[in-house]
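Worksheet for the structure shown next.
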Amino acid sequence: MKNIKLCVQFDGTDYHGWQIQKNARTVQETLENAVSSLTGTGVRITGCGRTDSGVHAVNFVCNFFSDTSVPPEKLPFALNHRLPGDIICKKAEYADENFHSKNSARAKTYVYKIFNDSFPDVFSQRYSWHIKDPLDTGAMSLAAKGFLGEHDFMGFASSGFSVKTTVRTVYSLNVDTDGKNITVSVTGNGFLYNMVRIIAGTLVFAGLGKINPADISDIINSKDRTRAGITAPPNGLFLKEVYY
């Protein structure tokens with residue numbers, strides 16, 4: 001059996017996240033059906049992590065084991081004929097038998113997109129959070145510095161998570177502006193349930209003057225979810241890169 005590593009891109013708008021669910025359309029199930037149709041046998045695909053309903057991915061890594069005779073360089077073309085237009089396989093290659101798309105990952109980068117204008121933009125509203133009030137991106141950048149390093153992010157996780165530890169390390173967190181478009185980019189060794197969306201919501205609160213950027217460290221140390229910002233909506237979130 002060969003361990004085959006895929007890199008896929010998807011628009012998560014019409015999916016209930018990556019992971020298979022009963023009576024719900026998911027990216028994992030859709031991809032597994034395409035691979036099974038191609039190889040002629042059922043497969044179980046392991047993803048690099050879970051994504052929530054409506055969240056997108058630029059480079060989502062996953063892997064599966066198969067005896068398929070289709071060479072990896074031809075797999076993307078064959079799969080894309082079987083996939084809907086909102087899921088694209090960008091690359092396929094053989095991986096070491098011990099490679100695990102989730103457990104082997106060392107870091108991930110997410111981006112969160114915000115459209116800051118009085119009126120929403122019809123062409124980007126599926127892929128960004130519309131904030132009508134002016135945002136102080138300088139305050140957002142100052143707030144971002146408070147997240148850097150290793151912290152216990154208990155207060156930046158939604159209820160329902162199940163992990164051994166809530167300590168995570170944020171390597172970088174940047175706020176970039178291009179006209180009315182604001183992009184939050186965060187890289188870390190791992191993220192709790194809804195952590196990136198809560199960070200984005202907290203930065204927006206800082207940009208609106210609802211949170212003092214100097215208070216971020218205290219908010220993190222308090223482990224009090226109510227002191228952070230709201231959970232930003234899923235449509236602005238993208239998994240950009242997974243590092244191994």
Side-chain angles (χ1 to χ4, degrees), residues 1-12 15-22 24-36 39 41-66 68 72 75-76 79 83 86-112 150-154 156-173 185-199 234 237-244:
M1 298 283 279
K2 305 179 186 70
N3 191 5
I4 300 174
K5 175 183 174 184
L6 302 179
C7 179
V8 299
Q9 185 177 84
F10 59 81
D11 175 345
Y15 294 90
H16 290 262
W18 160 263
Q19 190 166 317
I20 289 178
Q21 300 179 37
K22 291 183 178 180
R25 187 178 186 227
T26 66
V27 177
Q28 182 183 17
E29 182 177 28
T30 304
L31 186 58
E32 286 183 359
N33 289 341
V35 172
S36 298
T39 62
T41 57
V43 298
R44 176 48 54 95
I45 299 178
T46 301
C48 58
R50 297 180 63 175
T51 61
D52 294 331
S53 297
V55 173
H56 319 291
V58 179
N59 293 293
F60 187 95
V61 178
C62 54
N63 70 291
F64 65 95
F65 287 85
S66 175
T68 180
L75 265 175
L79 282 176
L83 288 168
D86 50 10
I87 303 177
I88 299 293
C89 180
K90 300 170 63 179
K91 185 179 179 180
E93 60 185 351
Y94 293 135
D96 182 89
E97 63 177 7
N98 295 318
F99 174 79
H100 188 285
S101 58
K102 181 179 179 180
N103 297 339
S104 300
R106 294 293 176 260
K108 294 177 183 177
T109 294
Y110 284 89
V111 298
Y112 194 92
E150 183 181 87
H151 305 282
D152 186 337
F153 284 101
M154 170 73 78
F156 284 79
S158 294
S159 60
F161 64 88
S162 177
V163 292
K164 293 181 179 179
T165 175
T166 51
V167 174
R168 298 290 185 273
T169 301
V170 174
Y171 301 125
S172 66
L173 179 54
S185 303
V186 57
T187 300
N189 65 350
F191 297 95
L192 303 172
Y193 180 44
N194 281 340
M195 178 175 161
V196 177
R197 290 167 59 189
I198 297 171
I199 289 176
L237 183 61
F238 297 74
L239 172 62
K240 183 178 181 181
E241 202 69 56
V242 185
Y243 306 95
Y244 295 96

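The chain is numbered in sequence order, starting from 1.
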For the ring pair Tyr110 and Phe191, is the centre-to-centre distance below 6.0 Å?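 Aromatic pair counts; centres sit under 6.0 Å.
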Quick check: do [X] and [Y] have side-chain heavy atoms less than 4.5 Å from each other?
X      : Y      : result
Lys108 : Val196 : no
Tyr193 : Val163 : no
Tyr243 : Thr109 : yes
Phe60  : Cys62  : yes
Arg197 : Asp52  : yes
Arg168 : Asn189 : yes
Tyr94  : Asn3   : no
Ser104 : Asp96  : no

Between [X] and [Y], what is the shortest heavy-atom contact and its length?
X      : Y      : value
Val43  : Thr39  : CG1-OG1, 4.3 Å
Leu192 : Phe153 : CD1-O, 3.3 Å
Pro72  : Pro76  : O-CD, 3.1 Å
Lys102 : Gly47  : CB-O, 3.4 Å
Ser36  : Gly42  : OG-CA, 3.5 Å

Per the side-chain contact (heavy atoms from CB on, under 4.5 Å) rule, which among Asp86, Val35, Ile87 passes with Thr30?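 Checked Asp86, Val35, Ile87 against Thr30; only one passes side-chain contact (heavy atoms from CB on, under 4.5 Å): Ile87.
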Using the test side-chain contact (heavy atoms from CB on, under 4.5 Å), find all partners of Glu32 that sit at least two apart in sequence or belong to another chain.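 For Glu32, the residues satisfying side-chain contact (heavy atoms from CB on, under 4.5 Å) (neighbours in sequence not counted) are Ile20, Gln28, Arg44, Ile45.
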Interatomic spacing from [atom1] in [X] to [atom2] in [Y] - rounded to 0.5 Å:
X      : Y     : atom1 : atom2 : result
Tyr244 : Cys48 : OH    : SG    : 5.0 Å
Leu6   : Leu75 : CG    : CG    : 7.0 Å
Leu79  : Leu31 : CG    : CG    : 6.5 Å
Lys91  : Lys5  : NZ    : NZ    : 6.5 Å

Among Lys240, Lys90, Gln9, which residue satisfies the side-chain hydrogen bond (donor to acceptor under 3.5 Å, both in side chains) criterion with Asn59?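 Output: one option passes, namely Lys90.
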Side chains of Asn63 and Thr46: any donor to acceptor distance under 3.5 Å?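 No pair is found: no donor N or O on one side chain lies under 3.5 Å from an acceptor on the other.
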Val27 vs Val8, test: side-chain contact (heavy atoms from CB on, under 4.5 Å). Steps then yes/no. CA-CA 10 Å; Val27 177; Val8 299; 5.5 Å; no
Can you tell me if His16 uses its side chain to pair, donor with acceptor, with the backbone of Thr26 under 3.5 Å?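 No; judged by distance alone, with no hydrogens or angles, the pair does not exist.
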Is it true that, when you exclude Arg25 itself, more than 12 heavy atoms of the residues, nucleotides or ligands shown sit nearer than 6.0 Å to its CZ?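 For Arg25, atom CZ is crowded (more than 12 foreign heavy atoms under 6.0 Å).
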